[in-house]
Colleague: 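Take a look at the following structure, please.
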Amino acid sequence: SMMILNRVADSNVPIAAGRNSPPARPESNTDRSFELGYTATIGAMNRRSLILFALSIVLAFGALAAPTSQERTDWSSFFAAAEAHGTIVVWDNRKGSDVALVYDPERAGRRYSPASTFKIPHSLFALDAGILRDEFQVIPWDGVKRSIEAWNEDQNLRSAMRNSTVWVYERFAQRLGDARETAYMRKIAYGNAVAGGSKPFWVEGDLAISANEQISFLRHLYRNELPFRVEHQRLVKDVMVNEAGRDWILRAKTGWSGKIGWWVGWVEWPTGPVFFALNIDTPNRLDDLSKRQEITRNILRAINALPPS
């Protein structure tokens, strides 16, 4: 069935003024994640796009100083090569710099369903509320057989994040309730902070966030600046690790709502972090999912933010 295809697809190991379009609606109830130089072109930037991007940056990043922003129209080649439509925001903090690079600034300020990328803040909420003690606490399986074999057993935070175990986060949501979820999201200025609509609200409901806002959230998490215990922020960052080299660490989370695919996170270097938030349309559904990481990785390599493949 299409529902099973959705779940199998993601079975392996972020307009500021408001929502521009209705949330993407998946064809199943899963938000399972699918793990899998540089020349500024400000002169070519459309004036209206520049104004909108600057405004969304200010609104999204609040107290954080607005960075130097550059539209990277040349990055269209990476999206074209993957036959994909979307946006990416890259915030480069290496060597003391503070530069926001963006492809399609208007879309970067448009809000979409966060899908599985919401597991990052959701884990913080569960830890803060005492629903989850640490990464070792066993979360008992309910005995219901699901299409992803890795879901059909007891979980902990690390396995739930790695396998993107939907029922674990649905259980967190049930324990927290919409009122507490909303309060937590407002506390960290997470997108439109709406826990309403169909369930799960972060996939099929009304919650929505822009790429700019994803970057803002990730930057605060990186610095342990969110209103949560530092040990909880460090724990969530630990379970976000995708891969690492001798002198770099990639922490990230994918997401898929059925129509919009995300990959958000950052690469840590000795000289500083490079944050990224990409979203793309996924009209071809399963066939489009690998493009999230493909496009992002190619762009990060082009600015030497990831080593060559």
Colleague: When you measure from the side chain of Arg72 to the backbone of Val90, do you find a donor-acceptor pair of N or O atoms at a distance under 3.5 Å?
Modeller: no
Colleague: Testing the basics here: between Met185 and Leu207, what is the closest heavy-atom pair and its distance to 0.1 Å?
Modeller: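 Heavy atoms of Met185 and Leu207 come nearest at SD-CD1, 3.6 Å.
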Colleague: Using the benzene-type ring in the case of Trp, are the ring centres of Tyr103 and Phe79 under 6.0 Å apart?
Modeller: yes
Colleague: Before accepting this row, confirm whether a basic side-chain N of the pair Glu231/Arg133 lies closer than 4.0 Å to the acidic partner's carboxylate O.
Modeller: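 No, Glu231 and Arg133 are not salt-bridged.
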Colleague: Decide yes or no for Ile188 and Pro121: does some side-chain heavy atom of the first lie under 4.5 Å from some side-chain heavy atom of the second?
Modeller: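 Ile188 reaches Pro121 side chain to side chain.
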Colleague: With rounding to the nearest 0.5 angstrom, report the CG to CE distance, Leu235 to Met240.
Modeller: 12.0 Å
Colleague: Show your reasoning for whether salt bridge (Lys or Arg N to Asp or Glu O under 4.0 Å) applies to Asp206 and Arg111.
Modeller: CA-CA 10 Å; Asp206 296 331; Arg111 287 170 169 168; over 6 Å; no
Colleague: Strictly distance-based, threshold 3.5 Å: is any side-chain N or O of Gln233 a donor or acceptor partner for the main-chain N or O of Pro227?
Modeller: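 No; judged by distance alone, with no hydrogens or angles, the pair does not exist.
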Colleague: Thinking salt bridges, do Asp128 and Arg180 make one under a 4.0 Å N-O criterion?
Modeller: no
Colleague: Ring centres of Phe118 and Phe201 under 6.0 Å apart?
Modeller: yes
Colleague: Within the 3.5 Å criterion, strictly below it, is a donor on Trp262 or Thr254 matched to an acceptor on the partner's side chain?
Modeller: no
Colleague: Within 45° of the six-membered ring axis of Trp91 and under 6.0 Å from that ring's centre, is NZ or CZ of Arg219 located there?
Modeller: yes
Colleague: Determine yes or no for a side-chain-to-main-chain donor-acceptor pair under 3.5 angstrom, with Ser210 supplying the side chain and Glu213 the backbone.
Modeller: yes
Colleague: Tell me whether Glu153 at atom CD has more than 12 heavy atoms from other residues, nucleotides or ligands lying less than 6.0 Å away.
Modeller: yes
Colleague: Would the number of heavy atoms belonging to other residues, nucleotides or ligands and lying under 6.0 Å from CZ of Arg186 be above 12?
Modeller: no
Colleague: Under a 3.5 Å distance rule, please check whether Trp75 uses its side chain to pair with a backbone N or O of Phe78 as donor and acceptor.
Modeller: no
Colleague: Anything under 30° is parallel, anything over 60° is perpendicular, the rest tilted; go ahead and classify Phe275 against Trp266.
Modeller: tilted
Colleague: Any ion pair linking Lys199 and Glu204 (charged N to carboxylate O, less than 4.0 Å)?
Modeller: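 No, Glu204 and Lys199 are not salt-bridged.
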Colleague: Can you check whether Phe136's main-chain N or O pairs, donor with acceptor, with Asp134's side chain at less than 3.5 Å?
Modeller: yes
Colleague: What orientation do Tyr184 and Phe125 show, parallel under 30°, tilted 30 to 60°, or perpendicular over 60°?
Modeller: parallel
Colleague: Parallel, tilted or perpendicular: which fits the ring planes of Phe276 and Trp263, with parallel below 30° and perpendicular above 60°?
Modeller: tilted
Colleague: Look at the side chain of Lys291 and the backbone N and O of Ala82, then say whether any donor-acceptor pair between them is shorter than 3.5 Å.
Modeller: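 Checked: pair present.
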Colleague: Is a side-chain donor or acceptor of Asn152 paired with a backbone partner of Arg146 at a separation under 3.5 angstrom?
Modeller: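 Yes, the answer is positive, given that a donor and an acceptor are paired below the 3.5 Å cut-off.
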Colleague: Go through the steps to decide whether Asn163 and Ile148 satisfy the test side-chain contact (heavy atoms from CB on, under 4.5 Å), and finish with yes or no.
Modeller: CA-CA 9 Å; Asn163 300 320; Ile148 304 300; 5.9 Å; no
Colleague: Checking Ser159 against Gln155: is there a side-chain donor and acceptor pair closer than 3.5 Å?
Modeller: yes
Colleague: Any side-chain donor paired with an acceptor under 3.5 Å for Asn93 and Asp98?
Modeller: yes
Colleague: CG of Leu132 to CG of Asn156: how many Å apart, nearest 0.5 Å?
Modeller: 8.5 Å
Colleague: Please check: side-chain N/O of Arg285 versus main-chain N/O of Gly258, any donor-acceptor pairing under 3.5 Å?
Modeller: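 Checking the backbone N and O of Gly258 against the side chain of Arg285, a donor-acceptor pair under 3.5 Å is found.
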Colleague: Do Tyr169 and Arg171 meet the criterion of a side-chain donor-acceptor pair at a distance under 3.5 Å?
Modeller: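 Per modelled atom types, Tyr169 and Arg171 side chains form no pair under 3.5 Å.
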Colleague: Does the side chain of Asn242 come under 3.5 Å of the side chain of Lys253 through a donor N or O and an acceptor N or O?
Modeller: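 Judged by distance alone, the side chains do not pair up.
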Colleague: Does Ser97 use its side chain to pair, donor to acceptor, with the backbone of Asp92 at less than 3.5 Å?
Modeller: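 Such a contact is found between Ser97 side chain and Asp92 backbone.
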Colleague: Decide whether Lys119 and Ser164 meet the rule of one side-chain donor and one side-chain acceptor closer than 3.5 Å.
Modeller: yes
Colleague: Which pair of non-hydrogen atoms, one from Ala305 and one from Trp269, has the smallest distance, and what is that distance?
Modeller: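 That closest heavy-atom pairing would be O-NE1, 2.8 Å.
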Colleague: Could you measure the distance from the CG atom of Asn224 to the NE2 atom of His232? Nearest 0.5 Å is fine.
Modeller: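 Answer rounded to 0.5 Å: 12.5 Å.
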Colleague: Say you draw a straight line from CZ of Arg107 to OG1 of Thr87; how long is it, rounded to the nearest 0.5 Å?
Modeller: 7.0 Å
Colleague: Ion pair present between Asp238 and Arg158, side-chain N to carboxylate O less than 4.0 angstrom?
Modeller: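 A salt bridge links Asp238 with Arg158.
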Colleague: Should Asp288 and Lys259 count as an ion pair when the cut-off is N to O under 4.0 Å?
Modeller: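 Result for this pair is no, no salt bridge flagged.
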